[in-house]
Amino acid sequence: MPELPEVEVSRLGVAPFLQGQVIQNIIVRDRRLRWPVSESLADAIGHRIEAVTRRAKYLIIVLQNGGQIILHLGMSGKLRVLEATVAPVKHDHLDIVLASGKCLRLNDPRRFGACLWQPPGAAEPTQLMNLGPEPLTDDFTADRLVALSRGKQSAVKNFIMDNAVVVGVGNIYANEALFMAGVDPRRKAGNVSAKRYQLLTQAIKEVLAKAIQQGGTTLKDFTQTDGKPGYFKQSLNVYGRAGEPCLTCETPIKSLTIGQRNTFYCPQCQR
DNA sequence: AAACACCCCTGCGGGC
DNA sequence: TGCCCGCAGGGGTGTT
């Protein structure tokens, strides 16, 4: 489900309910997420939430004592804020119960999501180390893409989906950004010119920002925390449109597999 | 070292 | 109607 925009939309949705609240209880119904949920997560109970932030596709609940609860939604994770008394349904694996009587509830059918506990003063989990820059900040530049790509033989699509290069660009938005920039996803990363990396950098920033504004992309089951779908699906130019006419030139959109992931592009517009 | 393939898991849509 | 197959928004691990 979630790429960076969907995680950010989730963060914006839940943050107002969490900020300033004391964690009254944490209920783990199934510890078997991407990594087993640590028993020591219970150490967060009794502490006040200072802020809810995001790094890459990780949502971070920052406690006033310096501890952090780090959530990842994987492919199918969803966050809702509910009254804590609402009965859980299938795949509701985790509740963070707040003093307000509400709870943050994680539902994740495929269990590719994660909940990590970073104790006060501890180093950040290895998963968060060696992450590249946030795409919507000035740290993410075309110069960086050029510098890191020289000599790279892998497809440019894989390159921009590499979290060490830039975080948060998943399969949907990689396809869309490459279309916007007019770059063939199969092209070797090392053979993309500085000028085209400039276009691609702008396209990544634009597509992610626009998707956040529109509440993310709902393909099947993503919903914003208020239960509404994301509306960015209406703005997709290539993703999921194999065989349909390119919205620019009417050439049929092609699909193929790159890096075990479905890839969509216009053979006319993208070179 | 870089570039791949593979795997974790459940649900759903399409084809028969 | 029902069963089987293929596929899905992520990303860590292990192999060449």
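The chains referred to below are lettered A, B, ... by the order of the sequence lines, with proteins before strands, and numbering in each begins at 1.
When distances are taken from the side chain of A/Ile172 to each of C/dG9, C/dG10, B/dG11, the shortest belongs to C/dG9. Closest contact between the side chain of A/Arg34 and the listed nucleotides B/dT10, B/dA5, B/dC8 involves B/dC8. Comparing C/dG9, B/dA2, B/dG11 by their closest approach to the side chain of A/His91 singles out B/dG11. Picking from C/dG11, B/dG11, B/dA5 the nucleotide with the shortest atom distance to the side chain of A/Pro109 gives B/dG11. Of the listed nucleotides (B/dC8, B/dG11, C/dG11), B/dC8 has the atom at the smallest distance from the side chain of A/Phe112. Distance from the side chain of A/Asn262 is smallest to C/dA8 among C/dA8, B/dA2, C/dG10. Out of C/dG12, C/dG10, B/dA2, the shortest distance to the side chain of A/Tyr58 is found at C/dG12. Among B/dC6, C/dG9, B/dA3, the nucleotide with an atom closest to any side-chain atom of A/Met75 is C/dG9.
Projected onto DNA chain B by closest heavy-atom contact, A/Asn158 and A/Arg261 fall at different nucleotides, the more 5' of which corresponds to A/Asn158. Mapping A/Arg32 and A/Ser154 onto DNA chain B by nearest heavy atom places A/Ser154 at the nucleotide closer to the 5' end.
At least one side-chain heavy atom of A/Val167 sits less than 4.5 Å from a side-chain heavy atom of A/Pro135.
A/Ile26 contributes atom CD1, which lies 5.0 Å from atom CD1 of A/Ile45 (distance to the nearest 0.5 angstrom). Note: A/His93 NE2 to A/Arg32 CZ = 8.5 Å, rounded to the nearest 0.5 Å.
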For salt bridge (Lys or Arg N to Asp or Glu O under 4.0 Å), just list the numbers for A/Arg31 and A/Glu39, CA-CA rounded to whole Å, side-chain angles, deciding distance to a tenth of an Å, and then say yes or no.
-> CA-CA 9 Å; A/Arg31 294 194 177 273; A/Glu39 299 279 353; 3.3 Å; yes
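Rounded to a whole angstrom, the distance from the C1' atom of C/dG11 to that of B/dC12 is 23 Å.
Within the 4.0 angstrom heavy-atom criterion, only backbone atoms of the sugar-phosphate kind lie near A/Tyr239; the bases stay farther away. Residue A/Lys188 is out of contact with every strand shown, counting any heavy-atom pair closer than 4.0 Å.
Taking only distance into account, the side chain of A/Gln153 never meets the base of B/dA3 through a donor-acceptor pair shorter than 3.5 Å. The base of B/dC9 lies close enough to the side chain of A/Arg110 for a donor and an acceptor atom to sit less than 3.5 Å apart.
Under the Watson-Crick or G-U wobble criterion, with both distances below 3.5 Å, C/dG10 is paired with B/dC8.
Ring geometry for A/Tyr173 versus A/Phe232: interplanar angle of 30 to 60°, hence tilted.
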